[in-house]
Amino acid sequence: MKTVGIDLTFIENTEGVSSEGVFSLGILKGFYNTGKKQQIVLFALEPVKKELLSLYPGLHVIGVKKGGKTFYRKTIRKHLKKTPFDIMYYPHVHSMMNVKLKCKTAATVHGLKSKKVSGRKLRIINRKLKKVDYIVAASNLIKNEILSKNKKIPETRITVIHNPVADIRPGVDIVLKKKFILSVNSDSKQKNLIAIVKAFNRIKDEIPHDLVIIGTIDENGRAYRYIKKYGLASRVIITGRINRDILFGYYRNADLFINASRYMGFGYTPIEALACGTKVLSTKIPSVTAVADVDCDEYIDNPHKYTEIANKMLIVLLKSIDKEKLNDRARKIKLFFSPVKAAERYASFLGM
């Protein structure tokens, strides 16, 4: 049985995590619950090490004072000599990952069209992927992206394993004066927040709801300028970044969750909302179309048309759906995206 070193040094704390962080902690939970803790060695920043050991007693966690170039170029090699393992696994693909080690390497790709990654860094990532021994794509969309960008990577080296949904919380009670529609978003072109804001402006006088946007919004971005121009500040609430307990409070209290993203390699937030028993309107991103017998309440066919989004927002808000049906859909989501199932597939692919 193979042993695996896992890089978690990009996580600064276990609460304020990115989608890749949510995934990484989810697959770790799956490995732990399938009895693989003796086969994994975690690399984590010192504060995160303490959090992980409190959550998962008995794990082998190596504390790292600082991540970055020194960790990838020197620290991994040093610990390979001290604590040999068979595979170095990167749950978050990036330009600094070391693929020239005296062991096999593995990586999970969550999408290659991120605005946060420059063209230069993306070219470096693609070059490094050619040398990775085990590549996991979070969806078929991503697998096809990898193959189209890297003609020299054989298809047999890539497997598709859906990301687990491992951290569904009761959440804290969210008490707002009015009902609300929820979007977890940013003002990048891919996330398409501007279309949601325009759609809400179109129907705001027909509904009693406010629009709550969770995320950090650029004051110079299109969405913020539109909100200011049309005097929507009293109806559009921007929370900034929040912790996951509060996030799940919003999920569970929203009358509708909306995602109008033009591109998502996988897409956590809509399925987290579905797993909370919330009504969801979304584009057909990989995560929401993965479960054969589960659908969102409506799908956005053209995310560029805010009039379509507005009409479908009204349809879903007015649609009466039995609470038990929403709860049954939530159960199916959690079962399909089980961290144990995902970890078992990873273990099989990596030969653990």
Side-chain angles (χ1 to χ4, degrees), residues 1-11 20-21 23-32 34-44 52 59-62 64 67-112 121-139 142-143 145-147 149-164 265 339 341-352:
M1 293 189 294
K2 295 175 183 175
T3 53
V4 179
I6 303 177
D7 170 29
L8 296 183
T9 59
F10 66 96
I11 297 176
E20 287 88 353
F23 159 75
S24 303
L25 295 173
I27 203 67
L28 170 59
K29 181 178 182 179
F31 281 142
Y32 191 86
T34 52
K36 299 291 183 185
K37 70 177 182 180
Q38 302 302 326
Q39 292 172 248
I40 58 177
V41 178
L42 301 181
F43 294 94
L52 293 175
L59 275 181
H60 184 181
V61 185
I62 297 172
V64 177
K69 291 181 180 179
T70 300
F71 168 73
Y72 293 106
R73 291 178 182 179
K74 296 180 180 179
T75 309
I76 295 175
R77 286 193 170 98
K78 182 178 75 175
H79 283 286
L80 265 171
K81 292 178 181 178
K82 288 183 178 179
T83 313
F85 42 86
D86 300 298
I87 301 169
M88 183 65 205
Y89 169 51
Y90 301 102
H92 165 53
V93 168
H94 54 88
S95 59
M96 288 190 292
M97 62 182 182
N98 192 337
V99 295
K100 296 179 180 179
L101 298 169
K102 291 183 178 179
C103 69
K104 300 284 188 180
T105 54
T108 297
V109 185
H110 302 276
L112 294 175
K121 286 187 175 180
L122 186 57
R123 288 191 292 273
I124 294 171
I125 290 169
N126 281 316
R127 285 200 300 270
K128 290 191 174 185
L129 279 176
K130 294 174 185 176
K131 298 178 181 179
V132 172
D133 299 285
Y134 305 92
I135 301 173
V136 177
S139 66
I142 297 169
K143 178 181 178 179
E145 278 183 3
I146 296 169
L147 292 172
K149 296 285 184 181
N150 300 278
K151 303 297 184 183
K152 293 183 179 180
I153 296 179
E155 189 171 352
T156 52
R157 205 190 300 171
I158 308 173
T159 192
V160 175
I161 303 176
H162 295 299
N163 290 347
K341 285 185 178 179
E344 287 173 344
R345 290 201 62 196
Y346 268 86
S348 176
F349 183 54
L350 299 176
M352 295 173 66

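Worth knowing before you read on, the calculation uses all heavy atoms, side chains too, and leaves out hydrogens, waters and symmetry mates. Keep in mind that this is a model prediction, so the values were computed, not measured.
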To the nearest 0.5 Å, atom CD1 of Ile146 lies from atom CG of Leu129 at 6.0 Å
Going by the rule side-chain contact (heavy atoms from CB on, under 4.5 Å), which residues pair with Lys128 if we only count those two or more places apart in sequence or in a different chain?
Met97, Val99, Ile124
Excluding sequence neighbours, so at least two apart, what forms side-chain contact (heavy atoms from CB on, under 4.5 Å) with Pro164?
Phe23, Ile27, Tyr268, Pro339, Ala342
Euclidean distance, Leu80 CG relative to Met88 CE, rounded to 0.5 Å
8.0 Å
Closest non-hydrogen atom pair between Gly67 and Thr9, with its separation:
CA-CB, 4.5 Å
Testing the basics here: between Ser24 and Leu8, what is the closest heavy-atom pair and its distance to 0.1 Å?
CB-CD2, 3.7 Å
Nearest heavy-atom contact between Thr3 and Phe85 is OG1-CA, 3.2 Å
Listed by chain and number, what are the side-chain hydrogen bond (donor to acceptor under 3.5 Å, both in side chains) partners of Lys130, not counting sequence neighbours?
none
Taking all heavy atoms of Gly265 and all of Ile142, pick out the closest pair and write down the distance.
O-CD1, 3.3 Å
From Lys78 atom NZ to Ile62 atom CD1, the distance as rounded to the nearest 0.5 Å
9.0 Å
Under the side-chain contact (heavy atoms from CB on, under 4.5 Å) test, which residues partner Glu344, sequence neighbours left out?
Thr34, Val340
Show which side-chain atoms of residues 36-43 pair as donor or acceptor with protein atoms under 3.5 Å away, not counting sequence neighbours.
{"residue": "Gln39", "atom": "NE2", "partner": "Lys2", "partner atom": "O", "Å": "3.1"}

Provide the full list of salt bridge (Lys or Arg N to Asp or Glu O under 4.0 Å) pairs with a residue in residues 151-160, sequence neighbours left out, each pair given once.
Lys143-Glu155
Once rounded to the nearest 0.5 Å, what's the spacing between atom CG of Leu350 and atom OG1 of Thr159?
10.0 Å
Who pairs with Asn150 by side-chain hydrogen bond (donor to acceptor under 3.5 Å, both in side chains), at least two apart in sequence or on another chain?
Asn126
For His94, the ring-ring contact (aromatic ring centres under 6.0 Å, His included) test, sequence neighbours excluded, returns Tyr72, His92
Let me confirm one number: the CZ-CG distance from Arg77 to Leu101, rounded to the nearest 0.5 Å.
6.0 Å
Determine, step by step, whether Leu52 and Leu28 satisfy the side-chain contact (heavy atoms from CB on, under 4.5 Å) criterion, reporting the C-alpha distance in whole Å, the side-chain angles of both residues, the deciding distance to 0.1 Å, and the verdict.
CA-CA 10 Å; Leu52 293 175; Leu28 170 59; 3.9 Å; yes
Determine whether Phe71 and Asn98 satisfy the following criterion, side-chain contact (heavy atoms from CB on, under 4.5 Å), listing intermediate values before the conclusion.
CA-CA 9 Å; Phe71 168 73; Asn98 192 337; over 6 Å; no
Which donor-acceptor pairs under 3.5 Å do side chains of residues 102-111 form with protein atoms, sequence neighbours excluded?
{"residue": "Thr108", "atom": "OG1", "partner": "Tyr89", "partner atom": "OH", "Å": "2.6"}
{"residue": "Thr108", "atom": "OG1", "partner": "Tyr346", "partner atom": "OH", "Å": "2.8"}
{"residue": "His110", "atom": "ND1", "partner": "Asn163", "partner atom": "ND2", "Å": "3.3"}
{"residue": "His110", "atom": "NE2", "partner": "Pro91", "partner atom": "O", "Å": "2.9"}

What's the shortest heavy-atom distance between Val61 and Ala44, and which atoms?
CG1-CB, 4.1 Å
Give a yes or no on whether the backbone of Ile125 and the side-chain of Ser95 come within a donor-acceptor separation of less than 3.5 Å.
no
Counting C-beta onward and ignoring hydrogens, is there a side-chain heavy-atom pair between Val4 and Phe31 closer than 4.5 Å?
no
Just verifying a value: how many Å separate Arg127 CZ and Leu122 CG, rounded to the nearest 0.5 Å?
10.5 Å
